[in-house]
There are 2 protein chains.
Amino acid sequence: MTAVRASLATAQLTPTSYLVLGLIAREGPSTPYDLKRHVTATIGHFWSFPHALLYKEPARLTELGLLTEEREAGGRRRRLFTITTAGRQALRAWLARPSRESTELRDLGLLQLFFADLEPATARSIAKEQLALHRAQLAAYEAGRTAAAPRGSSSPSPTIEHWRGVTLRMGLLYERAAVEFWAAVAVREDPSPPSTRARSHSKVSLIRKP
Amino acid sequence: MTAVRASLATAQLTPTSYLVLGLIAREGPSTPYDLKRHVTATIGHFWSFPHALLYKEPARLTELGLLTEEREAGGRRRRLFTITTAGRQALRAWLARPSRESTELRDLGLLQLFFADLEPATARSIAKEQLALHRAQLAAYEAGRTAAAPRGSSSPSPTIEHWRGVTLRMGLLYERAAVEFWAAVAVREDPSPPSTRARSHSKVSLIRKP
DNA sequence: ACCGTCATGTAATCGGTTACATGATTCT
DNA sequence: AGAATCATGTAACCGATTACATGACGGT
């Protein structure tokens, strides 16, 4: 009965669950370390899944009957997980169900900027720091993209390069947006042109209010 | 001693902690509900902080000595939290410390797309769904932005409108990127032009592999 | 007076994060 | 052979999410 409830509780699968299910469905039987490597090379660039998760999640899914596990006898005693029919079904069901939740965009730099007026002097430094970071990330994506898309690669089925491409394309667009944003902030907060135009708001420290 | 350790453990403050500290530092003594409303109107659009968090976190911060709490005697028995000197200090320290962690971009639609080849028919429907969602969100931001920026508002200090503007500007840029991305995906996956150009990869279901 | 929504809070569960730990490989 | 890094895993804590619950307020 516990098993029944568990196997029916499709609703309680997390994004991590579907990531694991999807990877194993596509790549075939995998060890947690396989998952880790694949994730690092693709979606992990902007959605982090700590490796401990990728070791724990397959165990959960196995309990739910969505995966099976076999363990190497000797050597590293690796765990190899295989997807079951139920697992494929859960995955299909999820793919067919539209996701209406909106994107979580969690950025510490943005949070800092949100409070930057509390210490006006830091607004610029935050912007410059973030600008540098996002420019670097953008460059990394662009380098990876040109390297990843070998013209006329006649590989019959999608390779990991393909998936790098798919996921990184969005990352690329996001980083472009981020660079644009932080560049604008940096300019706006730059005190170098002491123009007569009034600032949008006073620059006194607001951190202590009466 | 526990208290000492706790108050020194600045490192273990989470983004939520700084959000709460920052809001109370800027807006003055606040109830959890005040926090909730403010967050909903601003950063909550793309970084969700469930209201239960905003009730629990102030209590934690109070234990750490970063806030003080006073409770209404009668009526709704609201809890009013005020920031302490230590709290302001922790906030300042955080603002001065650059955040090097990169953005978390958690999007269920992207995750689905990542596995869309497992069910080729769904790739397009996912793209269309996401495109509609992001267009709607983009429209909402743009509507909010024009409404929120009253020319020549001579308010002496930044109002909540100002902060809506600051946070939503990034949201706006992100949504533009997202719309661009999903539009491209939708076009690429659209089978309407049955051109002779070979597809980048075969469209057979990969969900069962030998 | 009633009803719906706003406002306010608590409890329990559980996933995610951090920290720890150690056996294989590879390089010098 | 030793060092460094890769590979592999476990354990524990704790924050975040979900669910539950109820009192105040405004409108009809």
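Since we're looking at a predicted model, the values are computed, not measured.
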Give me, pair by pair, the N or O atoms of the protein and of nucleotides 10-13 of chain D that are less than 3.5 Å apart, along with how far apart they are.
| from | atom 1 | to | atom 2 | distance (Å) |
| --- | --- | --- | --- | --- |
| D:dT10 | OP1 | A:Arg79 | NH2 | 3.3 |

#### Entry: Test item: B:Gln112 side-chain N/O and A:Arg97 main-chain N/O as donor-acceptor pair under 3.5 Å
yes

### Message
Once side chain to side chain contact (heavy atoms under 4.5 Å, CB included) is applied, do any residues pair with A:Ser102, and if so which ones, sequence neighbours excluded?
### Response
none

### Task
Could you state the atom-to-atom distance from CD of B:Glu101 to P of C:dT17 in whole Å?
13 Å

### Message
So if I take the C1' atoms of five pairs at each end of the helix from C:dA1-D:dT28 to C:dT28-D:dA1 and get each local axis, what angle do the two axes make, rounded to 10 degrees?
### Response
30°

### Query
Given atom CG of B:Leu80 and atom P of C:dT8, what is their separation to the nearest angstrom?
11 Å

### Query
Toward the 5' end of DNA chain C, which comes first, A:Pro15 or B:Thr31, by nearest nucleotide?
B:Thr31

### Task
Give a yes/no answer on whether the side chain of B:Arg78 brings an N or O atom under 4.0 Å of OP1 or OP2 in C:dA7.
no

### Query
Has the side chain of B:Thr82 got a donor or acceptor atom that lies under 3.5 Å from a matching backbone atom of B:Pro29?
no

### Task
Classify the nucleic acid contact of B:Thr16 as base, sugar-phosphate or nothing, counting any heavy atom under 4.0 Å across all strands shown.
sugar-phosphate

### Message
With no hydrogens and no angle check, just 3.5 Å: does a side-chain donor-acceptor pair link A:Ser125 and A:Thr122?
### Response
no

### Task
Measure from the side chain of B:Arg106, starting at C-beta and using heavy atoms only, and say which of D:dC6, C:dT17, D:dG15 lies closest.
C:dT17

### CZ/A:Arg135: more than 12 non-hydrogen atoms of other groups inside 6.0 Å
no

### Message
In whole Å, I'd like the distance from the CH2 atom of B:Trp47 to the P atom of D:dA16.
### Response
9 Å

### Query
Rounding to a whole Å, what distance do you find between B:Arg37:CZ and C:dC6:C1'?
11 Å

### Task
Send over the distance from B:Leu53 CG to C:dT13 C1', rounded to a whole Å.
15 Å

### Query
Over how many whole Å does the gap from A:Glu69 atom CD to D:dG9 atom P extend?
9 Å

### Message
Tell me which one of A:Arg37, A:Lys36, A:His38 satisfies side chain to side chain contact (heavy atoms under 4.5 Å, CB included) with A:Leu54.
### Response
A:Lys36

### Message
Check for me whether A:Arg26 meets the cation-pi criterion with B:Phe114, that is, NZ or CZ under 6.0 Å from the six-membered ring centre and within 45 degrees of the ring axis.
### Response
yes

### Query
Looking at A:Thr68, A:Thr31, A:Ile24, which one forms a side chain to side chain contact (heavy atoms under 4.5 Å, CB included) with A:Leu80?
A:Thr31

### Task
Give the nucleotide from the list C:dA7, D:dG9, D:dG15 with an atom nearest to the side chain of A:Pro32.
D:dG9

### Task
Give the rounded distance in Å between these two atoms: CZ of A:Phe49 and C1' of C:dT17.
14 Å

### Task
Measure the distance from CZ on B:Arg60 to C1' on C:dT10 and round it to the nearest whole Å.
15 Å

### Query
Can any side-chain N or O of A:Gln130 pair as donor or acceptor with the backbone N or O of B:Ser99 at less than 3.5 Å?
yes

